[in-house]
S.K.: 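Questions regarding the structure given below will be posed in turn.
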Amino acid sequence: MDFHLLSNMLWKSAQHKASSQREFRNHIKYALECRKEAKIRYNNGGLPGFDPATKYIREGEWVCAAVPPAVADRRVEITGPVGRKMIINALNSGAKVFMADFEDALSPSWENLMGGQVNLRDAVNRTISFHDKARNRVYKLNDQTAKLFVRPRGWHLPESHIFIDGEPATGCLVDFGLYFFHNCMAFRRTQGEGFGPFFYLPKMEHSREAKIWNNVFERAEKLSGIEKGSIRATVLIETLPAVFQMDEILYELRDHSVGLNCGRWDYIFSYVKTFQAHPDRLLPDRVLVGMTQHFMRSYSDLLIRTCHKRGVHAMGGMAAQIPIRDNPVANEAALELVRKDKLREVKAGHDGTWAAHPGLIPAIMEVFTNSMGNKANQIHTVKREDVVNLTEEDLLQRPRGVRTMEGLRHNTRVGIQYLAAWLTGTGSVPLYNLMEDAATAEISRVQNWQWLKYGVELDGDGLGVKVTLELFGRVVEDEMTRIEREVGQEKFKKGMYKEACKIFTRQCTKPMLDDFLTLDAYNHIVNHYPKGSSSRL
Ligand SMILES: CC(=O)SCCNC(=O)CCNC(=O)[C@H](O)C(C)(C)COP(=O)(O)OP(=O)(O)OC[C@H]1O[C@@H](n2cnc3c(N)ncnc32)[C@H](O)[C@@H]1OP(=O)(O)O
Ligand SMILES: O=CC(=O)O
Ligand SMILES: [Mg+2]
């Protein structure tokens, strides 16, 4: 990384960032306090639901600003972390959109974050290249590239390398601010056809959080002298409380919206978190909680209806399968699962979807194109009025299925390996032929926690064993042995598997569930400098 360039970039934007942090930090603190209050309500037996106070928004006849022509067609979007080669490959992949990820797929070390900003700036300026010396291969952009969206971190994550008035900065404002400041003008010229930049916004729980983003956008537009409504964002509906706020979220962002997305993995994680004090709502094995469970299907159906009523895209989510290079039969089976998932999405009315890997794009493109034909999207053709009567109970219905020892083992094996990768700077990894990232790892963590907390019986394998601390201790030991065998002694010794195991085990066995695994782990990747060594802004 060019550190001289980086410090210039940082310094130029530092003043802007500091003032936006000062302007918004109390609103953010309030929004996070409200999350805590909601958690107390749910822990005391309450259920999330539609807010009677905002019925007028849900029933009102309003639409969002028209979709910018540059992103009318989003039938396949590839996602990935902001490494240099990854960005070039994703932009060249043939997908319509690339979502560059500072969130679920990135371990937010200072180096990754700042390297990512430099890489994105070079991508927007179209000067990005990468030389893979080992393979003597040079990577450059094609003439035709995907449109770039950027996903900053969620509201809950601090950026502990930047202190403002003695407090760590808010991570997402750093990600947004740096990217916007350095790319706004070039992006609008080269990519956005006069609009942009474009964003994905993660992990919101309430429309008041969307309102903060709307204010951040308006402030950025004003300061840079671009028209209000230039910046556009797709909000991930990936928390259980947010499914009851979809109209309200779009309403707050109506001048800046370009749709909602079904963030299915965090949504499952959020189901467990929201119902952490409801032992009658325990999850079956992770592999059984798919989009065909009634509560998941209802969430996707309602998202489509809501988006199309308001004139914006309803984006589908991520199938976790990735290509299996060394086994053609298993590879075809994985591809078939992806096709099936995408067919369900396009038939339901989704306007596009996510791909985890470039190797999946042709198959996904074919499924969407066969169904949508030449239409750029289905916003005005699939209204889903059939789901107008969907109820709170439909959205909360208990997932069905069994719990097994293999489920417990798989969660443990995957959770530890993911965390070990994250601690060493890698935020998305292939494990057992599936894509794993922060959202999928969270499911493993909270599911183990839930099963331990309530001492569930593993009813799916005929053993009738109860999940206890002793059993979990044995499972952790076995799985660490298995991981060492699978990755090899040398990699195991050099890696951070033991630290990961400690954190993961602590998280699974806590009396009270922590809100986020990455908040606990973050301290391990922060560079700590001596007091007083920073610059004043
Ligand atoms: C729940 C959610 O939030 S989903 C969204 C967040 N998660 C993600 O974005 C995950 C995205 N996917 C990935 O990170 C990767 O596909 C992984 C980690 C799962 C697998 O990556 P790898 O092990 O590198 O896969 P593999 O070896 O098959 O890669 C083959 C080639 O495709 C490239 N590639 C793989 N995935 C991607 C991607 N998502 N974007 C761009 N290029 C990619 C690799 O860089 C490699 O390129 P090369 O041949 O030029 O060297
Ligand atoms: O961000 C996406 C998800 O599924 O989580
Ligand atoms: Mg997510």
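All ligand and atom numbering here is 1-based and tracks the order in the structure. Residues: numbered from 1 along the sequence shown.
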S.K.: Does ligand 1 have an atom that lies less than 4.0 angstrom from a heavy atom of Ala356?
M.R.: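 Judged by the 4.0 Å heavy-atom criterion, Ala356 does count as contacting ligand 1.
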S.K.: Just jot down the ligand 1 atoms closer than 4.0 angstrom to any heavy atom of Arg137, in number order.
M.R.: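 By the 4.0 Å cutoff, the relevant atoms are 50 (O).
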S.K.: Identify the closest protein heavy atom to atom 1 (O) of ligand 2: which residue and atom is it, and at what distance?
M.R.: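 The closest one turns out to be Arg151 NH1, 2.8 Å.
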S.K.: Could you tell me if any non-hydrogen atom of Met318 lies under 4.0 Å from any atom of ligand 2?
M.R.: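 No; Met318 lies far enough from ligand 2 that no heavy-atom distance drops under 4.0 Å.
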S.K.: Looking only at protein heavy atoms, identify the closest one to atom 2 (C) of ligand 2 and say how far it is in Å.
M.R.: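 Checked against all protein heavy atoms, atom 2 (C) of ligand 2 sits closest to Glu238 OE1, 3.4 Å.
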S.K.: Would you say Arg135 contacts ligand 1, with heavy atoms under 4.0 Å as the rule?
M.R.: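 Contact check Arg135 vs ligand 1: positive.
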S.K.: Quick one: report the N, O or S atom of Glu238 that is nearest to the Mg ion (ligand 3).
M.R.: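 It is OE1 of Glu238.
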S.K.: Going by the closest heavy atom to atom 5 (O) of ligand 2, which one wins out of Ile268, Asp266, Asp437?
M.R.: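 Answer by nearest heavy atom: Asp266.
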S.K.: Checking one value in my table: which N/O/S atom of Asp266 lies closest to the Mg ion (ligand 3)?
M.R.: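 Of the nitrogen, oxygen and sulfur atoms in Asp266, the Mg ion (ligand 3) lies nearest to OD2.
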S.K.: Measuring from the Mg ion (ligand 3), name the closest N, O or S atom belonging to Asp104.
M.R.: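 Going by distance to the Mg ion (ligand 3), the closest N, O or S atom in Asp104 is OD2.
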S.K.: Among the heavy atoms of Pro323, does any lie under 4.0 Å from an atom of ligand 1?
M.R.: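 Pro323: no contact with ligand 1 (<4.0 Å).
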S.K.: For atom 37 (C) of ligand 1, which protein heavy atom lies nearest, and how many Å away is it?
M.R.: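 For this ligand atom, the closest protein heavy atom is Pro358 CD, 3.3 Å.
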S.K.: Cut-off 3.5 Å, side chains only: do Gln321 and Asn433 have a donor facing an acceptor?
M.R.: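 On atom types as modelled, these side chains do not qualify, holding no pair under 3.5 Å.
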S.K.: What residue and atom, counting heavy atoms only, is the protein's closest point to atom 27 (O) of ligand 1, and at what distance?
M.R.: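 Closest protein heavy atom to atom 27 (O) of ligand 1: Arg325 NH2, 2.3 Å.
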S.K.: By number and element, which atoms of ligand 1 are closer than 4.0 Å to a non-hydrogen atom of Val429?
M.R.: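 Near Val429, meaning under 4.0 Å from one of its heavy atoms, ligand 1 has 18 (C).
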S.K.: Output the list of atoms in ligand 1 that are nearer than 4.0 Å to some heavy atom of Ala105, sorted by atom number.
M.R.: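 The list of qualifying atoms is 6 (C), 7 (N), 8 (C), 9 (O).
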S.K.: Under a heavy-atom criterion of less than 4.0 Å, does Arg151 contact ligand 1?
M.R.: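 Checking ligand 1 against Arg151, which is what was asked, there is a heavy-atom contact under 4.0 Å.
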S.K.: Does any N/O atom on Asn89 come nearer than 3.5 Å to any N/O atom on ligand 1?
M.R.: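 Yes, since at least one N or O of Asn89 sits under 3.5 Å from an N or O of ligand 1.
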S.K.: Taking only heavy atoms of Asp104 into account, list the atoms of ligand 1 that are under 4.0 Å away from them.
M.R.: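 Reading through ligand 1 atom by atom, the close ones are 1 (C), 2 (C), 3 (O).
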S.K.: Establish, for the pair Arg413 and Tyr432, whether the NZ or CZ atom is under 6.0 angstrom from the six-membered ring centre and no further than 45 degrees off its axis.
M.R.: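 Here Arg413 passes the 6.0 Å and 45° test against Tyr432.
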S.K.: Measure from atom 48 (P) of ligand 1 to every heavy atom in Phe269, Tyr139, Tyr200 and give the option owning the shortest one.
M.R.: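 Result: the heavy atom closest to atom 48 (P) of ligand 1 is in Tyr139.
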S.K.: For atom 17 (C) of ligand 1, tell me which residue out of Pro430, Ser93, Gly80 has the closest non-hydrogen atom.
M.R.: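 Residue with the shortest heavy-atom distance to the ligand atom: Pro430.
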S.K.: Give me the residue, atom name and distance of the protein heavy atom closest to atom 4 (O) of ligand 2.
M.R.: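 For atom 4 (O) of ligand 2, the nearest protein heavy atom comes out as Trp265 N, 2.8 Å.
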